[in-house]
Amino acid sequence: MAEKNNANIGFEKQIWNAACVLWGHIPAADYRKVIVGLIFLRYISGAFEKKHDALVAEGEGFENDRDAYEAENIFFVPAAARWSVIAASAHSPEIGKVIDNAMNAIEAENKTLKNVLPKIYATPELDKRVLGEVVDLFTNNIHMDDTEESKDLLGRTYEYCISQFAAYEGVKGGEFYTPQSIVKTIVEILKPYENCRVYDPCCGSGGMFVQSAKFLQAHSGRRGKIAVYGQESNSDTWKMAKMNMAIRGIYADFGSYQADTFFNDLHPTLKADFIMANPPFNLSNWGGDKLREDKRWQYGVPPVGNANFAWIQHMIHHLAPNGKIGLVLANGALSSQSGGEGEIRKNIVNADLIEGIVALPTQLFYSVTIPVTLWFITKNKKQAGKTVFIDARKMGYMVDRKHRDFSEADIGKLADTFAAFQNGMLQDVKGFCAVKTTQEIAEQDYILTPGRYVGIEEQEDDGEPFEQKMARLTAELVKEFETSHELEEKIRANLRAIGYEC
């Protein structure tokens, strides 16, 4: 059986269960902030204390030298903000105030965290007894050591809790979280390399960057060898992304504040090697009427009522000469002709930028049920004049009644298919994948729906003779009709029995 991407493991689940205890003890709007703030505080304090002890053991007097910590991407944590102080106050009525003071002290010592950390723990609505129990759980179950498992523990916990918040918050959850298997699929296909520049213009909580760093670590053993650039317009989500990067030890430039990407591009001169994004689907109120003459619209002015092709062109504008884009879009962008979208799509195809299109199954997202597609846009493609279409709608497994996920084998199959295409080795598979030329796409009016190109999967012959099969299917159809007819008569009889003539 294929290995599944199952994040419901051990400590992550414990933390989530502890978080659920807080439900009803704090306003819903602050609930997520409380938990992710505690995870963050425990992590940076643990990382600092571990480095501090190592410096003390060296005996050279550098334990209070801020540069010694910053050189290893470790935040400086003042004495009053260290977890030992928090743990000692867990069962004090003042625990909320102690944590808020710690957050303020950390921000004061680390300018990049200014106005990022939550300071809501002293609010009367938050039950301090329950808060103390959560602090105990963090204290008793996390022990920092040199193993990768330990280093990654809180990062995985943070990611798990974010995914759970996304599930519980429904549509709003989709604003800050892209399911891990989708992110991993994009990263495995793009294959970011060391010292590359990775950009996400609508970065949410930063999942694309986390997975890119994991990919690098798996292939080179060095997680931090990427330059990360992001932007996010939602204040709370921007703060969550900043904390997520800090927990992962990833240096990221998210600007000094949240900002609208279309109206205030925080990285105007950036040319990225890899761009990965899950922009808001079919965004209608993006202010397009005020940006009709923008230099980013190289392939056509996007319609005022839909930002899909504004996002695409913004990303292409920021792409390096050999850069690659992987993004998620609603299926409508594959075929829409309204508002000039068809012409923009045509121009992008004719510019030989579309390397691949992957149709995804439904139910992968917590926030939306509409069908979505992965677009891969590349400058200087290996297979010039060709595009690979993949229909992955039948892939994946059901995690529960509502949500689907990709297994490791599914992700590997998609990445391998893409690699085979890039190396000129891919053979068309009916119902799954097909390689088409720009001319063949033009003959389909530049519509990019994969099903149009891959066709229908060939059915295996079960060996039953045609005449016998037809006789069997006819008999089954007659039987079904008779059954439905008998049922209809029974319903009519019951209605007549209660005085309803029909």
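What's counted below: heavy atoms across the whole structure, side chains too, no hydrogens, waters or symmetry copies.
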Novice: Can we call the ring centroids of F48 and F75 under 6.0 Å apart?
Specialist: no
Novice: Hey, are R129 and E133 close enough for a salt bridge, meaning a charged N less than 4.0 Å from a carboxylate O?
Specialist: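 Yes, this pair counts.
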Novice: Return all side-chain donor-acceptor pairs below 3.5 angstrom for residues 372-379, not counting sequence neighbours, or 'none' if the list is empty.
Specialist:
from, atom 1, to, atom 2, distance (Å)
T373, OG1, N331, OD1, 2.4
T378, OG1, E355, OE1, 2.5
K379, NZ, L319, O, 3.4

Novice: State whether the side chain of E107 and the backbone N or O of L117 hold a donor-acceptor pair below 3.5 Å, judged by distance alone.
Specialist: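 Answer holds: yes.
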Novice: Are D100 and K119 within salt-bridge range, i.e. N to O under 4.0 Å?
Specialist: no
Novice: If you count heavy atoms of other groups shown closer than 6.0 angstrom to CZ of R404, is the number above 12?
Specialist: yes
Novice: May I ask you to decide whether E63 forms a salt bridge with K51, counting only side-chain N to carboxylate O separations under 4.0 Å?
Specialist: no
Novice: Within the distance-only criterion (no hydrogens, no angle test), does the side chain of D265 pair as donor or acceptor with the backbone N or O of T261 below 3.5 angstrom?
Specialist: no
Novice: Thinking salt bridges, do D236 and K33 make one under a 4.0 Å N-O criterion?
Specialist: yes
Novice: Compute whether any side-chain donor of one residue and acceptor of the other, for N282 and N308, lie under 3.5 angstrom apart.
Specialist: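 Yes, because at least one side-chain N or O of N282 sits under 3.5 Å from a partner of the opposite role on N308.
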Novice: Would you mind checking if K184 and E408 are paired as a salt bridge, meaning a charged N to carboxylate O distance below 4.0 Å?
Specialist: yes
Novice: Counting distance only, does the side-chain N/O of Q313 pair as donor-acceptor with the main-chain N or O of K295 below 3.5 Å?
Specialist: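 Looks like no, no N/O pair under 3.5 Å.
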Novice: Any side chain to side chain donor-acceptor pair (under 3.5 Å) involving residues 74-88? Give me the pairs, sequence neighbours left out, ordered by first then second residue.
Specialist: W83-T139
Novice: Indicate whether any N or O donor in one side chain lies under 3.5 Å from an N or O acceptor in the other, for S205 and N244.
Specialist: no
Novice: Please determine whether ring pair (Phe, Tyr, Trp, His ring centres under 6.0 Å) holds for the pair Y193 and F274, giving the CA-CA distance in whole Å, both sets of side-chain angles, and the decisive distance to 0.1 Å.
Specialist: CA-CA 9 Å; Y193 47 77; F274 297 95; 5.2 Å; yes
Novice: Got more than 12 heavy atoms from elsewhere within 6.0 Å of NZ, K271?
Specialist: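 Yes.
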Novice: Just to verify, what does F254 make a ring pair (Phe, Tyr, Trp, His ring centres under 6.0 Å) with, not counting sequence neighbours?
Specialist: F209
Novice: With distance as the sole test, does S89 use its side chain to make a donor-acceptor pair with the main-chain N or O of S92 at under 3.5 Å?
Specialist: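 Side chain of S89 to backbone of S92: no pair is present.
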